[in-house]
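I have placed the structure first, in the form of structure tokens, so that the comments after it can refer back to it.
Just so you know, these numbers come straight off a predicted model, no measurement behind them. Both backbone and side-chain heavy atoms feed into the values below; hydrogens, waters and symmetry mates do not. We count residues from 1, following the sequence as given.
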Amino acid sequence: MTSSLASPSVELSAYRDQHFKGSRAEQEKLLKDTATLYIGNLSFFTTEEQIYELFSKCGDVKKVVMGLDKFKKTPCGFCFVEYYTRADAENAMRYVNGTRLDDRIIRTDWDAGFIEGRQFGRGKTGGQVRDEYRTDFDCGRGGFGKIVQHKLQGAQPMPSMPSVR
């Protein structure tokens with residue numbers, strides 16, 4: 001383990017991108033050297049400008065790439081932040097991970113490097129997989145999860161409810 005990873009707040013997590021094109025060893029090396037972060041649990045209403053503003057407090061941001069619904073091309077709750085240096089990315093891992101943005105606790109994780117196409121959600125409905133199975137109501141992420149939304153849309157209105165005109 002390199003000395004820059006000695007702090008628990010910047011160590012590699014157990015998560016590994018299952019769609020990574022390459023060996024596990026190649027992925028590990030990239031993760032240890034990268035200056036790119038994956039940012040999760042964002043509100044669907046958080047803007048690229050807000051991300052840039054927050055993360056630039058830790059260093060010079062090279063690029064922000066918002067995660068988009070594969071079909072609707074609308075934000076779907078994640079992004080990538082690329083710094084010019086690993087040290088700046090480490091600062092973001094230390095100081096931004098777990099902070100509140102748009103009433104949500106955001107999480108940061110190391111990313112092996114942004115490749116075009118990864119900005120799109122991988123869920124069947126075009127968004128994030130985790131939002132398809134979520135059963136709670138979360139207004140920052142579009143309401144209920146996609147499966148619950150689908151069931152609710154297919155349900156008939158309850159006859160005992162009065163109509164409002």
Donor-acceptor contact below 3.5 Å, side chain [X] vs main chain [Y]:
X: Asp69; Y: Cys76; result: no
X: Ser56; Y: Val61; result: no
X: Arg100; Y: Ile105; result: no

Hey, could you give me the [atom1]/[atom2] distance between [X] and [Y], rounded to the nearest 0.5 Å?
X: Met93; Y: Arg86; atom1: CE; atom2: CZ; answer: 8.0 Å
X: Leu54; Y: Ile106; atom1: CG; atom2: CD1; answer: 5.0 Å
X: Ile51; Y: Leu42; atom1: CD1; atom2: CG; answer: 4.5 Å
X: Gln27; Y: Thr34; atom1: CD; atom2: OG1; answer: 11.0 Å
X: Phe55; Y: Thr99; atom1: CZ; atom2: OG1; answer: 6.5 Å
X: Phe45; Y: Asp103; atom1: CZ; atom2: CG; answer: 12.5 Å

(request) Using the salt bridge (Lys or Arg N to Asp or Glu O under 4.0 Å) rule, collect all pairs that involve residues 50-62, keeping only residues at least two apart or in two chains. (result)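 Non-adjacent pairs meeting salt bridge (Lys or Arg N to Asp or Glu O under 4.0 Å): Glu53-Lys57, Lys62-Glu82.
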Nearest non-hydrogen partners of [X] and [Y], listed with the distance:
X: Lys73; Y: Leu68; answer: O-CD2, 3.9 Å
X: Val81; Y: Tyr83; answer: CG1-CE1, 3.8 Å
X: Trp110; Y: Ala89; answer: CZ3-CB, 3.6 Å
X: Ser43; Y: Arg104; answer: N-CD, 3.1 Å
X: Asp33; Y: Lys29; answer: OD2-NZ, 2.8 Å

(message) Taking the side chain as everything from C-beta on, heavy atoms only, tell me whether Leu12 gets closer than 4.5 Å to Lys32.
(response)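 They are in contact (side-chain heavy atoms under 4.5 Å apart), so the answer is yes.
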(message) Assess, by modelled atom type and distance only, whether the side chains of Arg107 and Asn41 contain a donor and an acceptor separated by less than 3.5 Å.
(response)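 There is no such pair (donor and acceptor under 3.5 Å, judged by atom type) between the side chains of Arg107 and Asn41.
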(message) Does Phe114, at its CZ atom, have more than 12 non-hydrogen atoms belonging to other residues, nucleotides or ligands within less than 6.0 Å?
(response)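 It does: Phe114 CZ has more than 12 such atoms within range.
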(request) Could you check Val10, Leu37, Thr85 and say which one makes a side chain to side chain contact (heavy atoms under 4.5 Å, CB included) with Glu90? (result)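 Option passing the side chain to side chain contact (heavy atoms under 4.5 Å, CB included) with Glu90: Val10.
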(request) Answer yes if Ile39 and Leu101 sit in the same cluster of Ile, Leu, Val, Met, Phe, Trp and Tyr residues linked by side chain heavy atoms under 4.5 Å apart, and no otherwise. (result)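 Yes, because Ile39 and Leu101 connect within a single hydrophobic cluster, where side-chain heavy atoms sit under 4.5 Å apart.
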(message) Please say yes or no: joined through hydrophobic side-chain contacts below 4.5 Å, possibly via intermediate residues, are Val96 and Tyr52 part of one cluster?
(response)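 Yes, Val96 and Tyr52 fall within the same hydrophobic cluster.
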(request) Evaluate the ring planes of Phe80 and Tyr38, with Trp represented by its six-membered ring, and classify them as parallel (under 30°), tilted (30 to 60°) or perpendicular (over 60°). (result)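 Correct class here is perpendicular.
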